[in-house]
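For reference, the structure is listed below as structure tokens.
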Amino acid sequence: MGLEKLLYLQGVGAEFIDCFGNLVHIPAKDRQGILTTMLLPTSFNQHQCDPSEYAGLITDEKVAQRIELLDVSPWLLPLHRFQWCEIDNPHIDIQLPENYPYSIQLTVFGESIDTLSVTVKCDECTVVGEYHINGLRYCQYRLQLDKPNLHLGYHHLSLAFIGDATRAHTLYGQIMIAPQMAYQGRMAQVSASTQQPWGINAQLYALRSDEQWGIGDFGNLAELIDYAAHAGADFILLNPLHALDISQPENPSPYSPTDRRRLNPLYIQIESVYEYKAIEPELASQKWLQKKQAINQSQLINYQEVQSTKYAIFEKMYQIFCQEHVKRETARYQAYLAFIEKDKPALMQFVESEIKLASKYFNQDAGFYLYLQFVANEQLEACHLNAKQCGMSIGLIRDLAVGAVSHGAEVSENLAMFCDNASIGAPPDPFAEQGQNWGLTPFDPVKLKQHDFSHFIQLVRSNMQSCGALRIDHVMGLLRLWWWPLNKDLGQGSYVYYPVETLLAIVCLESQRARCIVIGEDLGIVPPEIVSRLHKAGIFSNELFYFCKDHNGFKSPRDYKHQSLMMLANHDVPTITAWWTGDDLKLRRKLALIDSDDKLQHALDERQQEKFELIALLNRQGALDASMEQNIDLIDFDCVILAWLDVVAKGNAQLFSVQLSDLVADKHGVNIPGTWKEFPNWQRRLPLSIEQIAQSSKVQQRIRVIQQARQACSRSFAANVSLSNNSEQ
């Protein structure tokens with residue numbers, strides 16, 4: 001009984017519903033293995049440890065001690081260090097023995113609010129919880145607060161005991177007052193004259209131009225913004241821009257960052273940096289022009305070559321910065337200092353880690369890496385500002401990866417909040433019989449709470465800068481994540497649960513403060529416990545056309561979730577061209593992800609059936625001539641794309657997005673799940689530059705279809721709202 005209680009307190013799950021709707025019970029050995037990873041010291045060298053030593057962590061005595069710490073001790077603390085409430089029901093909770101006879105004084109204060117002080121007795125408060133300890137009943141007393149004196153944010157608390165000589169000290173804590181919903185922006189308004197928002201999802205590194213240094217950069221993003229805004233788009237959804245491992249440029253996945261709070265300097269456009277002018281003559285030499293031309297010719301990004309080239313130029317610009325601005329203490333230097341001061345502790349963690357990781361490539365001081373973050377943030381901020389000035393209603397949408405690698409600054413410098421004896425992924429299923437292990441380090445839910453959620457707050461806040469919306473990858477991680485123990489002796493993993501209500505409240509508060517819409521990537525196994533919570537919090541779902549199916553085939557567009565971002569495709573699935581031709585399946589056979597020709601043929605037959613279902617959908621919606629259903633292999637694919645875009649863009653989803661690679665009908669995918677070195681994931685560049693895309697008549701035709709569809713969608717939404725309002729009256 002004690003062990004089961006501790007597993008519950010630590011958040012270790014007991015069962016889950018799989019992708020087929022079956023209830024799966026997690027074996028006791030696997031659950032205890034995850035509990036062991038939680039109780040091990042951080043950075044534990046498991047490979048040199050006798051497995052029998054693990055058993056010493058979960059003896060009856062130690063289980064009891066841990067339960068005492070997590071379950072009993074909190075009731076003996078009158079004021080917890082962190083608590084929260086919603087603005088519509090502001091209150092403070094305290095824990096004291098039943099019938100506590102003395103008065104207490106609770107004070108809410110902070111730099112930006114008027115001090116609110118209340119003196120009460122416990123019998124004037126509401127009891128909302130209780131716990132019996134050694135024959136005594138401890139109560140959780142709730143004091144309702146006066147709404148007009150409070151506002152959203154993080155406020156300080158003090159608790160003083162009046163007349164109680166045994167409690168002479170004032171206690172301090174923090175209360176977060178959160179909104180019920182995330183920021184909605186213009187999404188809350190429905191008008192027939194306002195186009196329903198649509199945009200483009202793009203991999204920034206894949207953008208192409210003759211002027212770049214072998215990789216898409218913020219300058220190319222500025223070009224894309226100008227083009228997309230002129231075309232009527234409301235947003236551009238980007239891949240995660242997080243800092244990656246500078247010591248391993250050959251591992252470029254944007255979803256395996258070293259620090260999600262920092263930007264990848266490779267996205268800096270060299271020519272836009274203030275210090276570039278001083279070195280422009282040198283970079284115009286034959287030597288540099290040849291290097292630039294060489295790294296720009298390949299269809300694949302050579303990250304090692306790109307990194308060494310760009311960092312060599314960064315070093316030159318940093319020297320100019322030191323000579324021209326640091327020594328003279330110019331306004332630019334003051335802006336640099338202000339940038340550092342704004343987030344200094346976390347910045348210095350990152351910089352110190354970069355110096356260590358980069359030691360085999362570069363020999364630079366802390367100022368150099370601070371300078372790169374300053375410039376990168378400067379350029380990203382300019383891009384988002386430009387998007388808004390160009391008329392985009394949302395602007396940039398950033399992407400927050402679900403985790404970070406263990407040796408990067410985010411984890412290694414903040415081990416007190418992570419469990420680096422485990423990594424996250426997904427449980428085994430028929431599509432991945434061994435399960436998925438993403439090699440990312442999970443937050444420890446208990447440690448997260450013990451540290452007042454400070455790192456999570458900082459993480460969300462930093463990723464809501466310079467954007468109009470944030471996509472949270474694998475948003476189910478707010479509720480639970482599948483953990484794999486690093487040591488295989490500790491079993492096959494388990495789900496670990498997180499304080500979802502608190503994490504959602506933080507997301508909503510930071511969203512309102514940053515005026516940033518939130519989109520939750522909820523593809524895969526989505527537990528029902530989180531669906532209603534996300535919807536109630538105003539967080540947009542992330543629909544993907546390929547997965548919008550029911551027993552009749554592809555769903556009618558009117559059945560798409562309204563509060564959602566509908567994407568035609570994303571980075572983990574084939575482009576629409578590859579899907580139509582079956583090239584993705586043939587590639588999977590070539591990579592042995594499909595292990596026989598018979599299975600390949602079976603997959604191709606299933607795809608053919610899906611193509612029939614797609615054409616049937618397009619016919620029902622009146623986007624294609626019904627006669628085309630007779631022989632789909634003779635259909636002009638350009639017609640299919642136009643009809644496909646038209647039908648899906650008219651759907652019920654409030655947001656619609658199409659990949660830039662799909663607009664240009666590229667057949668090459670971005671990433672093939674289940675591969676690493678077998679396929680050049682995250683390395684392929686687009687076949688056309690932004691300028692060439694802008695001149696393509698086929699692309700312009702596809703965009704016109706989207707515009708008209710979204711305008712029609714707006715009229716439909718407005719009509720439905722008007723009808724609903726009239727019926728209510």
Side-chain angles (χ1 to χ4, degrees), residues 199-209 212-225 227-228 233 235-244 249-257 260 263-269 295-296 298-303 306-307 310 376 379-380 383-384 387 395-402 463 467 469-471 473 519 521 523 542 544 565 567-579 584 657-673 675-676 679-690 692-693 699:
I200 296 170
N201 43 310
Q203 304 292 316
L204 178 52
Y205 57 83
L207 299 183
R208 181 190 284 276
S209 79
Q212 67 185 203
W213 294 82
I215 188 172
D217 57 36
F218 290 130
N220 303 131
L221 177 56
E223 289 181 75
L224 181 59
I225 288 168
Y227 166 70
F235 61 83
I236 292 174
L237 168 58
L238 297 166
N239 58 282
L241 305 177
H242 310 317
L244 302 182
E250 68 278 7
N251 295 334
S253 171
Y255 291 94
S256 296
R260 292 173 288 175
L263 296 175
N264 184 350
L266 292 183
Y267 292 134
I268 292 172
Q269 185 195 30
I295 59 177
N296 254 341
S298 175
Q299 293 294 332
L300 299 177
I301 298 171
N302 184 333
Y303 279 95
V306 167
Q307 177 174 288
K310 294 196 79 166
Q379 292 194 357
L380 178 60
C383 283
H384 179 59
L396 298 183
I397 300 181
R398 294 179 63 178
D399 197 348
L400 174 61
V402 69
N463 279 274
C467 62
L470 177 67
R471 175 186 180 271
D473 187 45
I519 301 162
E521 188 271 298
L523 302 170
N542 190 180
L544 196 61
L565 164 66
M567 300 171 73
L568 211 55
N570 70 7
H571 58 270
D572 279 337
V573 298
T575 63
I576 57 177
T577 301
W579 185 91
D584 63 308
S657 180
V658 60
Q659 284 190 126
L660 193 54
S661 56
D662 285 326
L663 279 177
V664 302
D666 188 10
K667 71 174 184 178
H668 298 290
V670 171
N671 172 57
I672 299 182
T675 64
W676 186 43
F679 184 79
N681 295 317
W682 318 108
Q683 296 175 48
R684 186 167 293 279
R685 305 165 78 198
L686 286 171
L688 302 177
S689 67
I690 304 300
Q692 291 169 324
I693 290 171
V699 173

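We use all heavy atoms of the structure for the numbers below, so side chains are in, but hydrogens, waters and symmetry mates are not. These figures come from a predicted structure and were not determined experimentally.
- Within the 3.5 Å criterion, the main-chain N or O of Leu523 finds a donor-acceptor partner in the side chain of Glu521.
- With hydrogens and angles disregarded, no donor-acceptor distance shorter than 3.5 Å links the side chain of Asn264 to the backbone of Tyr267.
- A side-chain contact (heavy atoms from CB on, under 4.5 Å) with Asp572 is found for exactly one of Ile672, Asn671, Val670, namely Asn671.
- Looking at heavy atoms from C-beta onward, Leu221 lies in side-chain contact with Leu238 at the 4.5 angstrom threshold.
- Side-chain atoms of His242 come within 3.5 Å of backbone N or O of Ala401 as a donor-acceptor pair.
- Put simply, CG on Leu207 and CD1 on Ile215 are 10.0 Å apart, with the number rounded to the nearest 0.5 Å.
- Under the 4.5 Å side-chain criterion, counting only non-hydrogen atoms from C-beta, Arg208 is not in contact with Leu688.
- Side-chain N or O atoms of Gln379 include none that pairs as donor or acceptor with a backbone N or O of Ala376 at under 3.5 Å.
- Residues Gln692 and Ile690 form no side-chain contact, since every pair of their non-hydrogen atoms from C-beta on lies 4.5 Å or further apart.
- Paired with Arg685 under the rule side chain to side chain donor-acceptor pair (under 3.5 Å), one option of Gln212, Gln299, His668, Gln203 passes, and it is Gln212.
- Residues Ser657 and Phe235 form a side-chain contact, since some pair of their non-hydrogen atoms from C-beta on lies under 4.5 Å apart.
- For the 3.5 Å distance criterion, the side chains of Asp666 and Thr577 fail to qualify, holding no donor opposite an acceptor.
- In this structure, Leu237 and Arg471 have side chains that are in contact, with non-hydrogen atoms separated by less than 4.5 Å.
- Only one option out of Leu470, Asp399, Leu241 pairs with Asn463 in a side-chain contact (heavy atoms from CB on, under 4.5 Å); it is Leu470.
- Atom CG of residue Leu380 and atom SG of residue Cys467 lie 8.0 Å apart, to the nearest 0.5 angstrom.
- What you find for Asn296 and Ser209 is that their closest heavy atoms are ND2-O, 3.7 Å.
- Contact record, Asp584 with Ala578: OD1-O, 3.2 Å, taken as the closest heavy-atom pair.
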- Item | Step-by-step side-chain contact (heavy atoms from CB on, under 4.5 Å) determination, Tyr205 to Leu266 | CA-CA 9 Å; Tyr205 57 83; Leu266 292 183; over 6 Å; no
- Kindly indicate, with the supporting measurements, whether the criterion side-chain contact (heavy atoms from CB on, under 4.5 Å) is fulfilled by Ile295 and Asn302. CA-CA 7 Å; Ile295 59 177; Asn302 184 333; 5.7 Å; no
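- Put simply, the side chain of Lys667 never gets that close to the backbone of Trp579: no donor and acceptor are under 3.5 Å apart.
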- Give the C-alpha distance, both sets of side-chain angles, the deciding distance and a yes or no for side-chain contact (heavy atoms from CB on, under 4.5 Å) between Leu660 and Leu686. CA-CA 9 Å; Leu660 193 54; Leu686 286 171; 3.5 Å; yes
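- Annotation: side chain of Ile397 is not in contact with side chain of Ile236 (no heavy-atom distance under 4.5 Å).
- For the residue pair Ser298 and Leu300, the shortest heavy atom distance occurs at OG-O, 2.7 Å.
- Here the closest heavy-atom approach between residue Pro252 and residue Leu244 is recorded as O-CD1, 3.4 Å.
- For the pair Trp676 and Asn251, the minimum side-chain heavy-atom distance is below 4.5 Å.
- Taking all atoms of both residues into account, the shortest heavy-atom contact from Cys383 to Leu396 is CB-CD1, 4.2 Å.
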- Task: Run the numbers on Ile576 and Leu568 for side-chain contact (heavy atoms from CB on, under 4.5 Å), then give the verdict.
- Result: CA-CA 8 Å; Ile576 57 177; Leu568 211 55; 4.1 Å; yes
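- With sequence neighbours left out, the ring-ring contact (aromatic ring centres under 6.0 Å, His included) criterion links Trp682 to Tyr255, His571.
- The nearest pair of heavy atoms linking Tyr227 to Val699 is OH-CG1, 3.3 Å.
- Residues Tyr303 and Glu250 fail the side-chain proximity criterion, which asks for heavy atoms closer than 4.5 Å.
- The distance from atom CG of Asp473 to atom CG of Asn542, rounded to the nearest 0.5 Å, is 9.0 Å.
- Between the OG1 atom of Thr575 and the CG atom of Leu663 there is a distance of 12.0 Å, given to the nearest 0.5 Å.
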